[in-house]
**Student:** 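Got a structure for you, written out below as structure tokens; questions coming shortly.
To find a chain, count down the sequence lines: A is the first, B the second, and so on, and within it residues start at 1. All of these numbers come straight from a predicted model, not from anything done at the bench.
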Protein chains: 2
Amino acid sequence: MARSIHVRRPATLASLAAELGVSRTTVSNAYNRPDQLSPELRRRVLETARRLGYPGPDPVARSLRTRKAGAVGLLLTENLSYAFRDPAALGFLEGLALACEGAGQGLHLVPVNPEREDVAAVHRAGVDGFVVYSVPDDDPHLAAVLSRPVPTVIADQPHIEGVDRVGIDDGTAITELAKKLIALGHRRIGVVCMRLARDRNDGFAPVDRQQNAHFHVQRTRLGGLAAAFATVGVEWASVPVVERFDHSSAMGASAAAQLLDSDSQLTALICTSDILALGALAEARRRGLRVPQDLTVTGFDGIAEAERVGLTTVRQPVLEKGKAAGRLLLSPSERTRPRSITLETEFLTGTTAAAPRTAEERWFGP
Amino acid sequence: MARSIHVRRPATLASLAAELGVSRTTVSNAYNRPDQLSPELRRRVLETARRLGYPGPDPVARSLRTRKAGAVGLLLTENLSYAFRDPAALGFLEGLALACEGAGQGLHLVPVNPEREDVAAVHRAGVDGFVVYSVPDDDPHLAAVLSRPVPTVIADQPHIEGVDRVGIDDGTAITELAKKLIALGHRRIGVVCMRLARDRNDGFAPVDRQQNAHFHVQRTRLGGLAAAFATVGVEWASVPVVERFDHSSAMGASAAAQLLDSDSQLTALICTSDILALGALAEARRRGLRVPQDLTVTGFDGIAEAERVGLTTVRQPVLEKGKAAGRLLLSPSERTRPRSITLETEFLTGTTAAAPRTAEERWFGP
DNA sequence: AATTGGTTCTGAACCGTTACCGTCACCGCA
DNA sequence: TGCGGTGACGGTAACGGTTCAGAACCAATT
């Protein structure tokens, strides 16, 4: 005979007070303001609590009353595993977690169902503020976050009126990198980038798709490249840009292959992330192309493995970015006006970029 | 003149009801049970909400009444960065996050201040349950979690009466590995392990420290090795075990160095994690020792990089472990008795283990 | 005409706590 | 003896919702 298990409701502050013959206020004070009652009574309260199995004030009820949840919400891009496997995102997450930990705040990962456009989870999250990390510009979850009456910090996204922001200057950073390649003599380049929109497009990305990209970071980096090459008369529309939906070095390799197959005259591959660049390096190796003699390859982010293999890239301070987001959210600002933090990037010379071979060298070998 | 900023309190469900001239129940229903009121009225409610800037029912208040927080708490080992840089921990985290996402539950990282023994954060977390991942057996935070009247799942920790558990059979898995080395002929081995207790001890770990280790996983793995080598008459007390507090390949390298310096006759280094083993490989390379001809090196975990370099190791399904923990916590069990899930491990042959050179070979070369 | 059933909305209780202010006893001091 | 100050505790009203039993109304059935 199935018998429903009798779950004894845990004792409440009120029941404890009744048992002790004191007021609820006093019990509350025993936990929250020890100086407000005599040590003797406090001892009795806590001891009785132990005896009755009272686990202490209910966190949710407390939050309701004090108007503090003690946690910050984090909204990540649609696909969770995507973030967990991207070293840059992970660094940001670690930095944010550290900042929260330092402030004694929990970090609440908001569940975003990739299937349905279910914004409810954003409304259900009991948090004191939100950090939004690199979601598409038109993400309904972002809109939902902004509709909540709590402070918000956005990272790696375009500025939104009245919202704090942290990020780097993606455009300028990659323009610098492009200028180095231009100075080396590269004119015929190919570009590998991450996905530009929510829909999958594993292949060439025409200019209008680039310009309408939903992901701010990718859009800005491509824009920075276009600007740099425009200065030497390279028409951007003629530069092949290959997009990959999944972010992995395998995808970087396949994108590199697609580019090299489409134009054997390319002298450099510019990748908008290190992960992709590592794949491009692997593809070059597979083809027997020497880097940098036969092909220049560059990345972006400055992840550990890139540094290990000497990739020419741009380092961005991902850990600091996360910490800064946390500080921005948790610091007791006067909130007089939205603050914006732009962190510095650093060009890493590496060993995967060099002057292109001349035409003769290309045809007859060195 | 400093003037305190006037923060307009956001509209409440009650104020919205008053504005509309309906009851609070009706407004609540407009959000939670659309079938309970006429479409026309519902439309009016939502429209007025938009006009008044009402962000929808307050999540904390709702949680209080419904007794559901919509999130699970995760208690990680003391040092957050430690977890974020350990691929095994990261895999677990990803799996857990995926399980939560699938169930529409948030994942609340409990802030654990490494400095103070501040258990308050555990009590402050508004969650429906906890997952505790590989904390020291005597961690006060674990005790605090168990005192909360919510379901709990522990991972990679010894069984606790009445608490669900997920893990692998560390002892048996590493015993298998040890037996392979024994079969190859190894008798003189050194062991590199992660920290065994809260206090830092970068150096040799005597047997009693091993047996009293606070970290279940490390304790069990060492025990498994001892059991295996006992079968061939190798006295465990004579086996050098070097411990490192920080978990990094650099530490693995230095530990390997310490072992090789202390006994040049060692034919194999068994490491209790892949990260440490990768460091040991680096150290062997630095010394000009060929692996596996001159030295056998093994790891544990089966992280991606280990597989790339062909490390002989044991793979454990970390992602699955995280998912299983989530399922265990979120599945509507009858909770008739605590459940325990032990996942399978797999021996990876790799290319870093071989028979030791004979004495002659050692002295005169091959 | 009375009963039934369905839809739509309401009233009051409740979730478990903390904030705010008030009360009261006790003490030292003039 | 009266008085202000202080330490210890209590009462009441939020905090912002959800739940559940039922009221009011109307149409259809018996």
**Student:** Assign Arg42(B) to base, sugar-phosphate, or nothing according to its heavy-atom contacts below 4.0 angstrom with the strands shown.
**Tutor:** nothing
**Student:** Salt bridge between Asp128(A) and Lys68(A), side-chain N to carboxylate O under 4.0 Å?
**Tutor:** no
**Student:** Using atom CG of Leu20(B) as one end and atom P of dT8(C) as the other, report the distance to the nearest whole Å.
**Tutor:** 17 Å
**Student:** How is Val60(B) classified with respect to the nucleic acid when contacts are heavy atoms under 4.0 Å: base, sugar-phosphate, or nothing?
**Tutor:** nothing
**Student:** In whole Å, what is the span from the CG atom of Leu16(A) to the C1' atom of dT18(C)?
**Tutor:** 15 Å
**Student:** Are the charged groups of Glu47(A) and Arg44(A) less than 4.0 angstrom apart, N to O?
**Tutor:** no
**Student:** Could you state the atom-to-atom distance from NE2 of His123(B) to P of dT17(C) in whole Å?
**Tutor:** 12 Å
**Student:** Indicate, with a heavy-atom threshold strictly under 4.0 Å, whether Leu64(A) touches base, sugar-phosphate, or nothing.
**Tutor:** base
**Student:** Which nucleotide sits closest to the side chain of Arg62(B): dG17(D), dT10(C), dC9(C)?
**Tutor:** dG17(D)
**Student:** Is Arg165(B) close to Thr342(B) at the side-chain level, that is, under 4.5 Å between some pair of heavy atoms?
**Tutor:** yes
**Student:** Under 3.5 Å, is there an N or O donor on one side and an acceptor on the other linking the side chain of Arg65(B) and the base of dC14(C)?
**Tutor:** yes
**Student:** Look at all strands and tell whether Tyr31(B) reaches a base, only sugar-phosphate, or nothing, counting heavy atoms closer than 4.0 Å.
**Tutor:** nothing
**Student:** What about Thr25(A): does its side chain form a donor-acceptor pair under 3.5 Å with the base of dA19(C)?
**Tutor:** yes
**Student:** Please report, rounded to the nearest Å, how far the C1' atom of dC20(D) is from the CG atom of Asn29(B).
**Tutor:** 11 Å
**Student:** Tell me, with the steps shown, if Arg67(A) and Val60(B) meet side chain to side chain contact (heavy atoms under 4.5 Å, CB included).
**Tutor:** CA-CA 9 Å; Arg67(A) 301 168 154 282; Val60(B) 175; over 6 Å; no
**Student:** Distance under 6.0 Å and angle within 45° of the ring axis: does Arg195(A) meet both against Tyr82(A)?
**Tutor:** yes
**Student:** Using a cut-off of 4.0 Å on non-hydrogen atoms, how would the nucleic acid contact of Ser38(A) be classed: base, sugar-phosphate, or nothing?
**Tutor:** sugar-phosphate
**Student:** Nearest-nucleotide wise, let me know which of Leu41(B) and Thr66(B) is further upstream toward the 5' end of DNA chain C.
**Tutor:** Leu41(B)
**Student:** Is any NZ, NE, NH1 or NH2 atom of the basic residue among Lys323(B) and Glu94(B) found under 4.0 Å from an Asp or Glu carboxylate oxygen of the other?
**Tutor:** no
**Student:** Base, sugar-phosphate alone, or nothing: which one does Asn32(B) contact when heavy atoms must sit under 4.0 Å apart?
**Tutor:** sugar-phosphate
**Student:** Would you kindly give the CG-to-P distance between Asp58(A) and dG17(D), to the nearest whole Å?
**Tutor:** 18 Å
**Student:** Using a cut-off of strictly less than 4.0 Å, decide whether Thr26(B) has a side-chain nitrogen or oxygen near OP1 or OP2 of dT10(C).
**Tutor:** yes
**Student:** Give a yes/no answer on whether the side chain of Tyr54(A) brings an N or O atom under 4.0 Å of OP1 or OP2 in dT17(C).
**Tutor:** yes
**Student:** How close or far is atom P of dC9(D) from atom CG of Asp35(A), stated in whole angstroms?
**Tutor:** 12 Å
**Student:** Output yes when at least one side-chain N/O atom of Ser28(A) is less than 4.0 Å from OP1 or OP2 of dT18(C), else no.
**Tutor:** yes
**Student:** Tell me which nucleotide among dT18(C), dT10(C), dT19(D) gets nearest to the side chain of Arg33(B).
**Tutor:** dT19(D)
**Student:** Between the base of dT17(C) and the side chain of Arg24(A), is there a donor-acceptor distance below 3.5 Å?
**Tutor:** yes
**Student:** To the nearest Å, how far apart are Gln36(A) CD and dC21(C) P?
**Tutor:** 14 Å
